[in-house]
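Reading through the structure tokens given below for one structure.
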Amino acid sequence: MTKPNTGELDPQDSAASEIKSYAVGFVASLLLTVGAFAALLADLPTTWKVVLICVAAVLQIVTHLRNFLHLSFAGGESEEDMLLVLFSVSLLAIMAGGTWYIMSDLAGRMH
Amino acid sequence: MSGGTSPIFGNLNWNVTPYTDAFQHPDSSTIIGAGAASVLVLGAIAGLALLTYMRWWGPLYRNWLTSPDAKKIGIMYIALALVMLTRGIIEGFVMRAHQATALGTLSAQESGLVAPDHFAELFSTHGTIMIFFVAMPLLIGLINFVMTQQLGARDMAFPVLNQVSLGLTAAGAALVMISLLVGQFGTGGWTMYPPYTGKIFSPGEGVDYWLWAILISGMGSTLTGMNFAVTIFKHRAPGMHLMRMPLFCWTSLCVAIMLIYAMPALTVSSAMLALDRYADFHFFTNASGGNMMNYANIFWMFGHPEVYILILPAFGVFSEISSTFSGKRLYGYTSLVIASMSIAVISFTVWLHHFFTMGQSAGVNIAFGIATMIIGIPTGVKIYDWMATMWRGRVRITAPIVYLTGFFLLFVIGGLSGIILANPSIDYQVHNSTFLVAHFHNVIIPGVLYGMLAGIHYWFPKAFGFRLSETWGRRTALLFVGGFVFTFMPLYVLGLMGMPRRSPTFQNPDFMPWMYLAAFGGVLMMCALASLVWTFWASYRNRVALAVPGGDPWNGSTLEWSTPAPVPEWTFPCIPQVSARHDWGERKRAGDPWKGPAAYTDIEMPANTVHGLLIAIAAFALGFAMVWHIWWLAIISILAIPGIVVIRGLRVIEPRIIPAAEVAEADRRFRRLVENLPPATRADEETERNRGVPDITEFAG
Ligand code: HEM
Ligand SMILES: [Cu+2]
């Protein structure tokens with residue numbers, strides 16, 4: 001398996017550990033997806049459903065970044081990874097926050 | 001669409017072609033529709049016949065369609081864009097001709113060349129084609145061709161993925177093209193706002209054509225963005241620090257980042273609309289909790305960054321040519337880098353200015369209006385930097401410089417009308433009028449189109465080994481400048497007179513003088529298109545005299561000019577060791593830049609593959625099947641795509657090795673050639689004495 005963020009092979013690692021990391025990621029993603037649907041179908045108040053689905057979504061993102069994209073905060077280029085994550089988070093915050101701002105203002109003026 | 005959906009042919013039947021309409025009620029509108037379909041069919045037949053007659057099928061397949069070489073992929077993107085540009089400009093001309101005859105009276109309100117629905121189809125296809133299948137492939141193609149060479153990289157980080165991206169873009173373009181012949185395109189404009197484009201108001205296949213063209217090609221653009229970003233971060237030549245990259249690479253990096261973050265928003269809004277139309281969802285309907293305003297919101301979250309995706313590569317081109325053709329170093333490199341990056345980030349914070357009038361409160365409008373005005377600052381910085389670059393330089397008025405001059409004069413006007421529109425209270429007066437149409441063409445044509453055409457002219461010799469005719473290049477540029485002025489300046493006036501955009505007809509005779517001026521501009525644009533085609537043809541015929549085997553026809557300063565023209569597939573015989581910002585220029589200063597490497601090694605290149613082609617075919621089949629509700633084909637093709645990927649993943653694929661001896665042979669031949677070619681001075685640049693080896697004592701960049 002390659003070390004995070006480099007093209008270099010890590011002699012300590014074997015294919016087995018790489019497959020394990022992917023398998024863990026896959027199972028976790030599957031569970032989180034099923035979990036979100038379960039939350040939707042379960043007999044819960046709507047707020048709870050929304051919260052649970054959001055939590056599952058965020059965890060899903062983290063799993064993908066860690067297990068599939070090999071992002072890591074330790075190792076040679078952890079600073080670059082950190083910057084990348086911060087940049088992504090701020091852009092997504094602009095989009096999500098902006099949507100909230102615009103759509104709630106519009107909703108407020110519909111009444 | 002009588003008779004319901006057939007299990008085999010879906011909604012297809014013999015009445016979907018425009019010929020049915022033209023036979024049943026022949027008038028100017030249906031005849032134009034049938035004529036356009038005929039041009040498509042005849043063009044396709046002529047193309048196939050030519051390929052067969054010249055026995056080009058084999059070479060086309062082996063050297064182009066299956067090639068993972070970023071340079072060839074870039075050229076194919078540009079070829080695709082030029083074909084689509086032809087259709088786009090012709091449609092623009094037809095719309096101008098229509099509006100010049102569209103003066104109705106109060107009793108007979110409708111008039112003009114084409115029917116209102118047909119007009120709506122025209123502006124919808126024109127907008128969609130120009131943005132997604134002209135501007136995008138032009139810039140992605142140019143970046144593919146140029147960026148790897150400027151970075152000192154041999155290829156993209158993911159060459160086969162690159163092929164797939166091209167395939168997806170081409171599949172989307174093919175869907176738009178086939179809609180000329182089979183069925184109709186949507187009538188909702190290039191933005192396809194619901195609820196009008198929902199199933200209730202637009203039940204036919206038109207909106208679906210748009211949706212699948214956008215979903216498929218948008219996926220390709222997202223993948224391209226990732227490919228560019230990884231290439232820039234991981235594949236720079238040793239010593240090529242970020243702050244040593246040529247400016248074109250910096251703007252490519254900005255584009256890559258913006259593609260990655262903006263394209264998914266388009267995919268999401270289109271996918272939601274598709275779910276509404278196919279699966280009875282209610283994201284954007286009037287009833288059942290839908291909210292169509294969110295479509296505008298998500299769409300423009302993509303849409304605004306998109307306009308800077310379009311313009312930034314042009315800014316990169318202008319940075320390169322302003323320096324090269326005035327024989328001076330680029331002024332304010334760092335400020336240009338900072339300005340590009342600021343534009344990239346700020347462009348994500350302004351999207352609401354596209355729907356100031358949707359009904360949100362003044363405070364929200366003001367916030368986004370101010371953000372919009374701020375983005376003018378870095379753009380202004382750039383304009384000053386380029387002017388300072390040319391100041392007191394020995395400027396050669398080549399075709400790219402004509403484009404640059406046109407850009408200076410016209411783009412600033414377009415930018416200023418944008419700043420005017422950024423003021424919400426003014427926008428309330430002129431939104432949705434032809435003032436807006438004038439504004440965005442005013443930034444897109446002098447900005448994007450001139451920039452890309454200038455770039456094509458500039459790098460053409462690198463791709464094909466001969467220069468383009470300067471005389472015809474300048475004529476084309478001047479025609480595009482004149483054509484722009486006549487077509488779009490009148491639209492500012494018409495907008496202020498109150499003419500709405502997308503008007504199939506109007507009843508105010510005062511509009512007519514301006515309409516005629518604009519129609520004349522449309523004629524000039526058609527001449528510019530013809531002149532562009534003629535430039536390629538005339539230069540091809542004269543290719544021996546225009547050949548520049550030395551590879552550096554403009555006395556450039558960036559790495560791509562150090563290789564032969566046409567550039568060999570391996571680009572560099574040895575990956576260069578970069579030690580300065582304008583490395584090739586510094587090597588000229590140090591004397592003897594063409595010294596060969598001491599030793600050659602085997603070069604590993606990605607092997608040719610049909611992977612991208614297969615995925616493109618499957619994607620096109622998927623789109624077509626979904627548009628016509630041919631479910632069996634849709635299921636097969638949606639399974640085929642992951643299937644093709646898995647099959648490739650299971651195979652061991654060996655790279656192609658080019659032996660060191662072959663590289664050494666070709667490279668030594670090139671070095672000997674350069675030694676024997678007489679160096680051309682600046683004054684000789686446009687003459688036959690320019691064989692691609694410049695007089696390096698004149699280098700001042
Ligand atoms: C070269 C000559 C061109 C001509 C004569 C032309 C003409 C037109 C006309 C007549 C319209 C309809 C205006 C209206 O709604 O009233 C239009 C719309 C549009 N054009 Fe062009 N155009 C040209 C080039 C371009 C280029 C190069 C681009 C972009 C790369 C472009 C992008 C668009 C877009 C996005 C729309 C809006 C479509 C819509 O309403 O949804 N055009 N153009
Ligand atoms: Cu905008």
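Chain naming here is simple, since letters A, B, ... match the order of the sequence lines and numbering starts at 1 in each.
Shown here is A:Arg66, whose CZ atom has no more than 12 heavy atoms of other residues, nucleotides or ligands within 6.0 Å. Residue B:Tyr428 places its OH atom among more than 12 non-hydrogen atoms of other residues, nucleotides or ligands, all under 6.0 Å distant. At most 12 heavy atoms of other shown residues, nucleotides or ligands fall within 6.0 angstrom of atom CD1 in B:Ile638.
Relative orientation of the A:Phe87 and B:Tyr261 rings is perpendicular, given thresholds of 30° and 60° on the angle between their planes.
Neither the backbone nor the side chain of B:Phe302 comes within contact range of chain A; no heavy atom of the residue lies under 4.5 Å from a heavy atom of that chain. Heavy atoms closer than 4.5 Å to chain B are found in both the backbone and the side chain of A:Ser88. At a 4.5 Å heavy-atom cutoff, B:Ala265 makes no contact with chain A through either its backbone or its side chain. Within the 4.5 angstrom heavy-atom criterion, no atom of B:Phe233 approaches chain A.
In this structure, B:Met293 CE and A:Met110 CE are separated by 5.0 Å, a value rounded to the nearest 0.5 Å. Annotation: the span from A:Met103 atom CE to B:Asn291 atom CG amounts to 4.0 Å, rounded to 0.5 Å. In this structure, the separation between CD1 on A:Ile94 and CZ on B:Phe348 is 8.5 Å, given to the nearest 0.5 Å.
Counting only heavy atoms from C-beta outward, the side chains of B:Trp351 and A:Ile102 approach each other to under 4.5 Å.
Scanning both residues, A:Tyr101 and B:Val364, for their nearest heavy atoms gives OH-CA, 3.6 Å.
Contacts with chain A were tallied for B:Asn294, B:Ile257, B:Thr349; B:Asn294 has the most, counting heavy-atom pairs under 4.5 Å.
At least one donor-acceptor pair under 3.5 Å links the side chain of A:Asp105 to the backbone N or O of B:Ser361.
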